[in-house]
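Report on one structure; see the data block that follows.
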Amino acid sequence: MPTRRRAVLALAVLAVCGVGGLLAGLAALDVLRPPTAIRSTYALAGAVIALVAYAATGDEAAAGDSPRSYLPASVASKFVVLCGLTALVATVHLGSRLVPVVAFLLVAYALVADQLAGDPDPGSTLLALTTVFVVPVAAKYLTTGFYFGGTDVFAHVDALHRLLATGRSAALPYGYDLFPVFHLFTGALTFVTGFAPYDAIVLTGVLTYAALVPVTYLVGVRLLGDRRTALCVAAAFTILDLPAYDALYFFPQSFALALLAVGFYAVLARRAAAHAARRRAHAVYAVVLVPTLVLAHHLTYVLLVGVLVAVAGVAFLRGVLAGRLGWDALATRPFGWARLRWTFPVVLGLCCTFAYLVYSPSLMLYAIVSIAAQVLGDTVRAASSVVLSYGAVLPADSVGRALAWLATPVGVYASLAVAFLLLGGYEFLERAESYARAASVLAAAFVLAVVLLPLPVTLPQGERLQFVVVLLAVLPFGLGLARLLRTRERSRAAFVAALVVVAAFGSAGAFTRASADDLDGPPVYVDQRGAQVAMSDSEYAAVGDAAAYLVETDGRAASDVVTRRALASVPGPRPRVEAVRVTPSGVTTPAERVVVRDAWTRHFVPTAESDVAVSAQLEWYTVSETCYRHALATRDVVFSGDGVRVVETRAGDALFGNGTAPTAGRPD
């Protein structure tokens, strides 16, 4: 066994012992409660899987000349497409995507892994990968009705209604007039196709992120110099849950990140271009992309700074330490000013962003400086949540629930994500010479990818930071996938096991909380109410009817943040709807009417929008069916639609009041 392989194998063993010892120590010191400690053992399971996979794979397969694919590439890709279409038809017929999508993904990812294990054809494999990305997303669109994930989608629908009605970006609400690129782009699709604004937004998101599958492949080729490994990176993009979430919960930052990915490729392609004309074309494209990005999303560049600082820091350490530690293949000169020509679009974008925020009528720059000051002063804390339960019995966190969580798609996905991430790191360390050109980016990506895992702590701005990190995180995950499929030709058992692991990872990735948060209860998750993230088409139509009724009767009303955003998104005149107030004694309203929804009995409901950029306490409530029906029976219901009702209230009246004390925690 080569010396380096033995060293990396020892490191893999040390990782297992280190993770296990850390979790045991934190549990023994009561830093982690027993249920949290048990859920955190996904990291230990992933480390064990990575150790076994690393020991079972090696360089022997990398030197093999004959492909090990069971099916020809063209046959496999056509079969994946056919299975995808069948899964979508079955989804429409059954009205549920769970069984069709799981069955499709298990077969499709096994076929894709079979191709990646040999000498894959890029065209056929990319077609299959694009299909496995699109099918779960399209199935979710077909079965969810109106998916909003966060309430911003309602605001974007409202913005498109105003844009189409007036033809002026100045009419965009919520400050979107300062960053109108997203709405101009989706609005153009709405105008050309005649689709409803929501459908145009979703279609744009799906097409944009489907196009990122081949873009990710091209970036991988430029960085890693190997087509097979680049295809594995593209496969990792389809498996990670955040891209699928961004495709359907499509908003300005999702759009900006897609543009960033294309810009990343343009910069890399410029460096590799052999002809001056092509280099100039890539440079012009990257520079023109800068103002587009500046006007697309205000925070993306700010968060990107952290990623760039991490890459620059790794590059500096690489130049200083690699040679001293004996990693001659990674040794390079320290970061020099001459390299700024490759980062010119980024630097220009930061300058343009700063200038635009200074000279535009926006308080965003003040907020950014304020947040930075709080971070440096260590005053920012992760947002905490308080859940008020009106008659509903919430299951207490327990050891049994924690063990059940490990067997859910979320737990399986987390364990396999750790395994592939560590395996990618081991692959990088063992074959550093092969990845020396991209060593700085790979090392930084490996560290940053940790924020994609379900950590036992909450990070400020964690969700938005994950969006930026995922652009680089696909690289180490792709290396792990490439390593897992590098099994010996004669070891068919190990090869079949690798196919099963890839299929399990891909299937679980389509059903995590991020990519399938509209599904509640078993068999997908531990039985617990979740935050509402979707409405049926009929319920959203009833919201429009309720808005028309309130406008006609000229009556003020109050409701939760989701309902208020939904009421504001329907076309036509908007009613005046204020926020409800929640107390342990019940839900009160400053208006004489309150808009309630039957969905409150099945989900956690946010009381108001939170400022996620700074420390905040989020309030949620949920209502039992008994309390909800009692409140309707004892008050005048003046409007009733499909799950949406307008109820008359009196001064000081508290809906659902039963003296329930708030429950500390957060809706998971």
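Remember, it's a predicted structure, so these values are computed and weren't measured experimentally.
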Exercise. Q253 side chain to V468 main-chain N or O, any donor-acceptor pair under 3.5 Å?
Worked result: no

Problem set entry | Any side-chain heavy-atom pair of L224 and Y435 under 4.5 Å | yes

For this session: Would you indicate whether the side-chain heavy atoms of L116 and C232 approach each other to under 4.5 Å?
Result: yes

For this session: Might you work through the side chain to side chain contact (heavy atoms under 4.5 Å, CB included) test for F511 and T408, ending with a clear yes or no?
Result: CA-CA 9 Å; F511 289 98; T408 63; over 6 Å; no

For this session: First locate atom CG of L51, then atom CG of L11, and finally report the distance between them rounded to the nearest 0.5 Å.
Result: 10.5 Å

For this session: Identify the heavy atoms of F446 and L421 that sit nearest to each other, and give their distance.
Result: CE1-O, 3.1 Å

Exercise. Charged N to carboxylate O under 4.0 angstrom, R39 versus D397?
Worked result: yes

Problem set entry | L471 and T216: CA distance, side-chain angles, deciding distance, side chain to side chain contact (heavy atoms under 4.5 Å, CB included) verdict | CA-CA 9 Å; L471 294 178; T216 304; over 6 Å; no

Exercise. How many angstroms lie between atom CZ of R431 and atom OG1 of T229, to the nearest 0.5 angstrom?
Worked result: 7.0 Å

For this session: Return the minimal non-hydrogen interatomic distance between V399 and P34, and the atom names on each side.
Result: CG2-CB, 4.3 Å

For this session: Taking T238 for its side chain and A235 for its backbone only, find out whether a donor-acceptor pair lies under 3.5 Å.
Result: yes

Exercise. With T208, which residues qualify under side-chain hydrogen bond (donor to acceptor under 3.5 Å, both in side chains), at least two apart?
Worked result: none

Problem set entry | Passing option when F505 is tested against L416, L481, L484 for side-chain contact (heavy atoms from CB on, under 4.5 Å) | L416

Exercise. Side-chain contact, heavy-atom cut-off 4.5 Å: W405 with V410?
Worked result: yes

Exercise. Quick one: CG on L212 to CG on L218, what's the gap to the nearest 0.5 Å?
Worked result: 11.0 Å

Exercise. Can any side-chain N or O of S398 pair as donor or acceptor with the backbone N or O of R401 at less than 3.5 Å?
Worked result: yes

Exercise. Under 4.5 Å between any side-chain heavy atoms of V92 and L88, yes or no?
Worked result: no

For this session: Spell out, as yes or no, whether a donor-acceptor pair under 3.5 Å connects the side chain of E430 to the backbone of A432.
Result: no

Problem set entry | L442 vs E427, side chain to side chain contact (heavy atoms under 4.5 Å, CB included): CA-CA, chis, key distance, verdict | CA-CA 11 Å; L442 286 173; E427 164 73 3; over 6 Å; no

Sequence neighbours excluded and cut-off under 3.5 Å, please list the side-chain donor-acceptor pairs for residues 128-139, or say none.
{"residue": "T130", "atom": "OG1", "partner": "L126", "partner atom": "O", "Å": "2.8"}
{"residue": "T131", "atom": "OG1", "partner": "L127", "partner atom": "O", "Å": "2.8"}

Seminar exercise, completed: Heavy-atom nearest pair, F477 first then A449, reads CE1-CB, 4.2 Å

Exercise. Under a 4.5 Å cut-off applied to non-hydrogen side-chain atoms, are Y147 and Y249 in contact?
Worked result: yes

Exercise. Between L240 and Y413, is a side chain to side chain contact (heavy atoms under 4.5 Å, CB included) present by the stated rule, with each step listed?
Worked result: CA-CA 9 Å; L240 294 179; Y413 172 82; 3.5 Å; yes

Exercise. Within the side chain of S507, is there an N or O that forms a donor-acceptor pair under 3.5 Å with the backbone of A504?
Worked result: no

Using atom types as modelled, flag every donor-acceptor pair under 3.5 Å from a side chain in residues 73-81 to any protein atom, sequence neighbours excluded.
{"residue": "S77", "atom": "OG", "partner": "A73", "partner atom": "O", "Å": "3.2"}
{"residue": "S77", "atom": "OG", "partner": "S74", "partner atom": "O", "Å": "3.0"}

Problem set entry | Note, Y141 side chain near L248 side chain (heavy atom, < 4.5 Å) | yes

Problem set entry | Y54 six-ring centre to R5 NZ/CZ under 6.0 Å and within 45° of normal | yes

Problem set entry | Criterion side chain to side chain donor-acceptor pair (under 3.5 Å) on R486 and T57, from CA distance to verdict | CA-CA 6 Å; R486 189 179 295 123; T57 57; over 6 Å; no

Exercise. Can you name the closest pair of heavy atoms from A43 and V418 and give their distance?
Worked result: O-CG1, 3.7 Å

Seminar exercise, completed: The reported gap from CG in L14 to CG in L9 (rounded to nearest 0.5 angstrom) is 11.5 Å

Problem set entry | Contact summary for Y42 and L455, nearest pair of heavy atoms | OH-N, 4.2 Å

Problem set entry | Check: S254 main-chain N/O paired with Y209 side-chain donor or acceptor under 3.5 Å | yes

Exercise. Is there side-chain contact between R483 and F420, with at least one heavy-atom pair below 4.5 Å?
Worked result: no

For this session: Run the numbers on R97 and D518 for salt bridge (charged side-chain N to carboxylate O under 4.0 Å, His left out), then give the verdict.
Result: CA-CA 11 Å; R97 72 179 187 274; D518 58 305; 2.9 Å; yes

Exercise. For Y265, does its backbone N or O pair with a side-chain atom of R222 as donor and acceptor, under 3.5 Å?
Worked result: no

For this session: Run the salt-bridge test on K140 and D517 with the 4.0 Å N-O cut-off and return the result as yes or no.
Result: yes

For this session: Side-chain contact test, heavy atoms from C-beta onward, threshold under 4.5 Å: evaluate it for F250 versus V202 and give yes or no.
Result: no

Problem set entry | Electrostatic pair D241:R513 at N-O distance under 4.0 angstrom | no

Problem set entry | Any donor-acceptor N/O pair, T36 side chain to L32 backbone, under 3.5 Å | no

For this session: Indicate the atoms forming the closest heavy-atom contact of G506 with L105, along with that distance.
Result: O-CD1, 4.0 Å

Problem set entry | Pairwise distance SG(C17) to CG(L22) - rounded to 0.5 angstrom | 12.5 Å

Exercise. Do the ring centers of Y426 and F428 come within less than 6.0 Å of each other?
Worked result: no

Exercise. Got a second to check how far L223's CG is from L268's CG, nearest 0.5 Å?
Worked result: 5.0 Å

